[in-house]
Amino acid sequence: MADTTGNTQDTGAATAPGPRPRRSSWRHIGPGIVVAATGVGAGDLVATLIAGSNFGYTLLWAAVIGCLVKISLAEACGRWHLSTGRTLFDGWASIGRWTTWFFAVYAVIWGFVYGAAAMSSSALPLQALFPDVMDLEWWAIACGLAGLAFVWFNKYAVFEKVMTVLVGVMFLVTVYLAIRVTPNLGDAFAGLLPVIPDEKDSVLNTLGLIGGVGGTITLAAYGYWVNAKGWTGSGWMKVMRLDNRVAYATTGIFVVAMLLVGAELLHSANIAIASGDKGLMQLGGILEEQYGTATGKLFLIGFFATSFTSLIGVWHGVSLMFADFLARRRGEREARGDVLASGRRERSWAFRAYLLWLTFPPMILLFQDEPFRLIIIYGVLGAAFMPFLALTLMWLLNSSRTPREWRNGPLSNTMLAVAGLLFLVLCVKQVWDQPWAQFF
């Protein structure tokens with residue numbers, strides 16, 4: 001998946017000359033770690049656990065396919081930013097005004113609900129680790145304020161370093177747990193064969209696992225982090241592709257490790273866990289019973305690292321996107337990657353206004369039941385974003401907006417079409433499953 005364009009030229013785009021490293025190097029890796037850490041949240045881990053507990057190793061292949069699909073999407077985002085010198089939102093705006101309205105509504109509603117969810121998810125393991133300190137709601141507020149302060153006062157370079165440390169914690173904990181449960185390697189390798197379980201809704205469950213491997217809007221933020229790193233021209237294309245592969249190899253390890261835990265610890269003992277963050281709390285209790293207090297506590301530390309990286313990743317990445325959106329709306333003729341590289345977006349009032357939106361209004365939801373209609377709209381918008389991303393990337397990267405040598409080749413078009421169809425099916429299913437009768 002090093003080059004999904006299908007093109008072999010590496011002449012660079014005249015519109016975005018930028019620095020040109022001679023070859024890809026591990027020392028440049030960074031944005032990929034950030035997108036991996038942000039994209040793999042508590043929800044992704046528990047969905048993989050449930051797949052392992054329900055089907056054993058049968059759907060291991062689906063987790064691998066999910067990583068390949070997301071590699072293609074993130075690569076396309078990074079390729080647009082580097083080959084054109086323009087941001088993804090600038091590309092969306094060139095398609096039509098409807099993209100602007102979709103993003104505006106999505107950013108406002110999604111950010112409001114996600115803020116509460118991210119704070120609660122980060123608070124759960126902290127309350128379990130320190131049960132007598134304060135209530136869950138106050139732990140959640142503390143996490144939100146910590147994320148706000150961290151992103152507000154630090155630029156991308158520091159942000160990346162902290163995310164890398166937290167990813168290291170996530171990696172060690174998940175791999176340790178996978179080894180601790182003593183997986184059956186023969187069955188695990190057999191799970192790489194594409195087999196659909198013979199159960200009700202197994203096809204949709206399989207598609208859901210493929211689609212849920214790491215990232216929603218954070219995939220779109222990848223190109224912004226690429227520019228914030230200082231990569232602003234097509235000369236960084238090889239580096240970006242290596243970085244992207246590292247991101248989803250890391251994601252794949254997280255997901256496969258949790259599937260092994262689900263298959264060995266839960267499936268073999270016929271133990272069912274709840275969906276969402278409560279499922280991870282249940283898993284912590286099971287691990288403590290099976291392997292001792294130290295393993296249970298270690299898991300909670302990994303749970304916190306997983307949740308808090310998603311929180312600060314969204315606080316930073318989506319705020320960058322929102323700042324870019326408002327700059328374009330306020331009349332900037334062209335939103336450019338070099339503006340992101342300069343750090344001006346991170347110092348803008350729009351960036352900080354969206355940070356405040358993600359932090360303070362959602363605190364209302366921590367102390368009351370989440371508004372029913374808002375949650376339905378949130379679910380629909382969230383389901384619609386990924387097909388929107390896949391299909392608009394196909395549009396942009398097959399048009400004259402992209403320099404010819406960096407347009408999609410057959411492989412990239414195939415992967416983006418598969419991704420678009422996959423997420424469209426999941427979107428329709430999620431919209432269909434909403435309790436619309438109770439909405440009106």
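Counting non-hydrogen atoms of other residues, nucleotides and ligands closer than 6.0 Å to OH of Tyr176 gives a total above 12. By the 6.0 Å contact criterion, NZ on Lys161 is open, its count of non-hydrogen atoms from other residues, nucleotides or ligands being 12 or less.
With rounding to the nearest 0.5 angstrom, the CG atom of Leu260 is 11.5 Å from the CG atom of Leu265. Between atom OH of residue Tyr222 and atom CG of residue Leu88 there is a gap of 13.5 Å, rounded to the nearest 0.5 Å.
Here the shortest heavy-atom pairing between Thr309 and Ala37 reads OG1-O, 3.2 Å. Pairing each heavy atom of Trp225 with each of Pro31, the nearest pair is O-CG, 3.8 Å. For Ala178 against Pro183, the heavy-atom pair with the smallest separation is O-CD, 3.0 Å. Contact detail for Ala323 and Ala350: the closest heavy-atom pair is CA-CB, 3.8 Å. Taking both residues in full, the closest heavy atoms of Lys229 and Ile29 are given as NZ-O, 4.1 Å, listed atom of the first, atom of the second, then distance.
Arg407 contributes a side-chain N or O that, together with a main-chain N or O of Ser399, makes up a donor-acceptor pair within less than 3.5 Å. Thr58 places a side-chain N or O within donor-acceptor distance of the main-chain N or O of Phe55, the cut-off being under 3.5 Å.
The aromatic rings of Phe299 and Phe303 sit tilted relative to each other, their planes meeting at an angle between 30° and 60°.
For the residue pair Thr218 / Thr38, no side-chain donor-acceptor distance below 3.5 Å is found, with atom types taken as modelled.
For Trp236 and His28, the ring centers are positioned less than 6.0 Å apart.
Applying the side chain to side chain contact (heavy atoms under 4.5 Å, CB included) rule to Thr392 yields the partners Trp92, Ile95, Trp98, Phe388; only residues at least two apart in sequence or on another chain are considered. Annotation: salt bridge (charged side-chain N to carboxylate O under 4.0 Å, His left out) contacts of Glu346 (sequence neighbours excluded): none.
Phe351 places a side-chain heavy atom less than 4.5 Å from the side chain of Val151.
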Inset, instruction - Could you check His316 against Phe150 for ring pair (Phe, Tyr, Trp, His ring centres under 6.0 Å), going step by step and ending with a plain yes or no? - result: CA-CA 10 Å; His316 188 275; Phe150 173 73; 8.7 Å; no

